[in-house]
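Some notes on the structure that comes next.
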Amino acid sequence: MDNSIRKIKAAVLGTGSWASALAQTLIDNGHRVVMYGVDKSEIEDINANHRNSRYFGDTPLHEDMRATSDPAEAMDGAELVLITVPTRFVADALNTVKPYVRAGTMIVNASKGFDPNTDQRMSETIRRVLGDCAIKEVVSIIGPSHAEEVILRKTTAICAVSLDLDCARQVQQIFSNENLRLYINDDEIGAEYGVAMKNVIALASGMMAGMGIGDNGRAALVTRGIAEMTRYGMSKGGRQETYMGLTGIGDLVVTCFSPHSRNYQAGFIIGSDDSAERFFRENTRTVEGVYSCKVICEDAMKNDLLMPIISSVYDVLFNGVRPSDAVRELMNRPLTDERI
């Protein structure tokens with residue numbers, strides 16, 4: 001870590017796994033952090049036990065990590081606000097802390113997906129909610145990363161993505177250390193659509209694993225998945241090269257093949273049952289890929305974009321199609337050129 005970097009106060013919105021992992025990274029780098037959350041048991045566990053047992057069991061957290069249910073306390077003196085809550089809570093969380101946001105505050109987003117009320121990308125939602133606060137440009141920190149590894153300080157590389165590369169560089173310096181390396185990228189559209197779409201492909205990967213389909217099939221899924229991500233992202237204004245990077249194929253690979261991924265886990269249950277029925281009946285966890293699938297597939301259909309994998313996942317989730325039938329349909333599509 002560069003010890004010449006000025007130390008700041010950061011407010012972290014959330015007390016979940018990613019909140020804890022990134023808060024610890026900031027503290028490791030010498031910054032002061034207060035987490036804001038609403039789950040009293042998590043707050044007490046963090047403050048009293050230096051644990052977040054719900055997500056990390058007995059793994060110890062940095063002893064300087066603190067959490068509160070008081071937004072004013074978390075935001076007091078904060079120069080950076082880090083958003084880690086699920087996408088459906090982002091607007092509400094921002095509205096809660098908005099009265100305490102100072103001019104010039106850095107806004108860093110680590111939530112991936114779409115606002116369920118507007119279908120906006122997260123950076124768009126953040127600007128809409130905080131538009132009159134004179135904040136710096138939004139920076140999203142996204143890429144191939146699982147909180148379960150970051151909390152253990154395992155080697156990880158992600159991107160700081162922003163329309164303003166100077167803001168991205170500031171965030172790059174604040175978060176990077178010998179365990180976590182940040183690159184910068186200004187393709188906000190491409191990166192945000194990429195990290196949303198990879199969750200849908202990860203659902204498909206989990207389904208295939210749950211059905212007993214082997215490495216050959218899942219390698220094909222990832223390869224054809226990146227083709228669909230690129231096609232869709234470029235149609236929205238993203239750049240092709242983004243999908244060959246950390247927020248494209250990097251995030252896709254780690255999400256499709258890791259048991260840490262909630263989207264993979266959800267897909268595995270659906271594939272094992274050959275049905276999404278039990279998953280929807282019993283699931284209580286945030287699985288961002290489900291809503292992302294709805295947004296992307298319905299938009300692609302409106303614009304006549306070829307998205308066979310995304311469409312198949314959509315049919316399994318929302319039209320009652322069995323995963324085994326969806327795979328059979330994909331494999332029996334008319335033969336074509338790989339470039340299509």
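Quantities reported herein were computed from a predicted structural model and do not represent experimental measurements.
- Using a 4.0 Å cut-off between a side-chain N of Lys or Arg and a carboxylate O of Asp or Glu, Arg153 and Glu178 do not qualify as a salt bridge.
- Val34 and Ile8 are not part of a single hydrophobic cluster, where members link through side-chain heavy atoms under 4.5 Å apart.
- Scored by the side chain to side chain donor-acceptor pair (under 3.5 Å) test, Thr87 finds Glu288 as partners (sequence neighbours excluded).
- Residues Arg128 and Asp115 are paired through a salt bridge, judged by an N-O separation under 4.0 Å between the basic side chain and the carboxylate.
- Side chain to side chain, Asn29 and Asn177 meet the donor-acceptor criterion of an N or O pair below 3.5 Å.
- Not counting sequence neighbours, the partners of Asp273 by the side chain to side chain donor-acceptor pair (under 3.5 Å) test are Arg278.
- Between Asp325 and Arg328 there is a salt bridge, since at least one side-chain N of the basic residue sits less than 4.0 Å from a carboxylate O of the acidic one.
- Taking all atoms of both residues into account, the shortest heavy-atom contact from Ala21 to Ile151 is CA-CD1, 3.6 Å.
- Sparse packing is recorded around CG of Asp58, with 12 or fewer heavy atoms of other residues, nucleotides or ligands lying under 6.0 Å away.
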Could you pull out every donor-acceptor pair under 3.5 Å between side chains of residues 220-231 and any protein atom, sequence neighbours left out?
{"unit_1": "Thr223", "atom_1": "OG1", "unit_2": "Ala219", "atom_2": "O", "d": "2.8"}
{"unit_1": "Arg224", "atom_1": "NH1", "unit_2": "Glu338", "atom_2": "O", "d": "2.9"}
{"unit_1": "Arg224", "atom_1": "NH2", "unit_2": "Ile340", "atom_2": "O", "d": "2.6"}
{"unit_1": "Glu228", "atom_1": "OE1", "unit_2": "Ile309", "atom_2": "N", "d": "3.4"}
{"unit_1": "Glu228", "atom_1": "OE1", "unit_2": "Ile310", "atom_2": "N", "d": "3.2"}
{"unit_1": "Glu228", "atom_1": "OE2", "unit_2": "Ile309", "atom_2": "N", "d": "2.7"}
{"unit_1": "Thr230", "atom_1": "OG1", "unit_2": "Ile226", "atom_2": "O", "d": "2.8"}
{"unit_1": "Arg231", "atom_1": "NH1", "unit_2": "Leu306", "atom_2": "O", "d": "2.6"}

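- Residues satisfying the salt bridge (Lys or Arg N to Asp or Glu O under 4.0 Å) test with Arg339, not counting sequence neighbours, are Asp337.
- Every residue meeting the side chain to side chain donor-acceptor pair (under 3.5 Å) condition with Arg169, not counting sequence neighbours, appears here in chain and number order: Asp166.
- Under a hydrophobic clustering in which Ile, Leu, Val, Met, Phe, Trp and Tyr are joined whenever their side-chain heavy atoms come within less than 4.5 Å, directly or via other members, Met65 and Leu80 fall into the same cluster.
- Scanning both residues, Gly237 and Asp187, for their nearest heavy atoms gives O-OD1, 4.4 Å.
- Cluster annotation: Val85 is not connected to Val12 through the hydrophobic network of ILVMFWY side chains, with a link wherever side-chain heavy atoms come within less than 4.5 Å.
- Taking both residues in full, the closest heavy atoms of Val316 and Ala326 are given as CG2-CB, 3.9 Å, listed atom of the first, atom of the second, then distance.
- There is a path of hydrophobic side-chain contacts, each under 4.5 Å, that joins Ile83 to Tyr36.
- With a 6.0 Å radius and a threshold of 12 heavy atoms from other residues, nucleotides or ligands, Asn319 has its CG atom above the threshold.
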**OP:** Show your reasoning for whether side-chain hydrogen bond (donor to acceptor under 3.5 Å, both in side chains) applies to Ser176 and Arg181.
**Re:** CA-CA 5 Å; Ser176 291; Arg181 178 179 176 85; over 6 Å; no

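- The minimum heavy-atom distance between Val287 and Ala266, with the atom names listed, is CG1-CB, 3.9 Å.
- Side-chain atoms of Ser162 and Glu137 form no donor-acceptor pair, as typed in the model, at a separation below 3.5 Å.
- Annotation for Ile142: hydrophobic cluster partners, listed by chain and number, are Val161, Val195 (ILVMFWY side-chain heavy atoms under 4.5 Å, direct or chained).
- Every residue two or more places apart in sequence or in another chain that forms a side chain to side chain donor-acceptor pair (under 3.5 Å) with Arg239 is listed here: Asp186, Glu241.
- Using a 4.0 Å cut-off between charged side-chain N and carboxylate O, Glu188 and Lys236 make no salt bridge.
- Checked by atom type and distance alone, the side chain of Thr59 pairs as donor or acceptor with a backbone atom of Phe56 at under 3.5 Å.
- With sequence neighbours left out, the salt bridge (Lys or Arg N to Asp or Glu O under 4.0 Å) criterion links Arg281 to Glu277.
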**OP:** Given side-chain hydrogen bond (donor to acceptor under 3.5 Å, both in side chains), test Asp39 with Ser41 step by step and report yes or no.
**Re:** CA-CA 6 Å; Asp39 189 309; Ser41 63; 2.5 Å; yes

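- Hydrophobic clustering (ILVMFWY, side-chain heavy atoms < 4.5 Å, transitive): Ile107 and Phe89 are in one cluster.
- Residues that satisfy the salt bridge (Lys or Arg N to Asp or Glu O under 4.0 Å) test with Lys98, not counting sequence neighbours, are Asp132.
- Shown here are the salt bridge (Lys or Arg N to Asp or Glu O under 4.0 Å) partners of Lys294, two or more places apart in sequence or in another chain: Glu298.
- Within the structure, ring-ring contact (aromatic ring centres under 6.0 Å, His included) contacts touching residues 157-202 (residues at least two apart or in different chains) are Phe114-Tyr193, Tyr193-Tyr232.
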Side chains of residues 244-251: which donor-acceptor pairs under 3.5 Å do they make with residues two or more places apart or in other chains?
{"unit_1": "Asp251", "atom_1": "OD2", "unit_2": "Lys112", "atom_2": "NZ", "d": "3.2"}

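- Ion pairing of Glu149 with Lys154 is absent here, as no side-chain N (NZ or NE/NH1/NH2) approaches a carboxylate O to less than 4.0 Å.
- Under 4.0 Å is where a charged nitrogen must lie from a carboxylate oxygen, and between Glu42 and Arg51 no such pair does.
- Between Ile296 and Met197 there is a side-chain heavy-atom pair separated by less than 4.5 Å.
- Scanning both residues, Ala78 and Thr105, for their nearest heavy atoms gives O-OG1, 4.1 Å.
- Annotation for Lys136 and Cys167: closest pair CB-SG, 4.0 Å, computed over non-hydrogen atoms.
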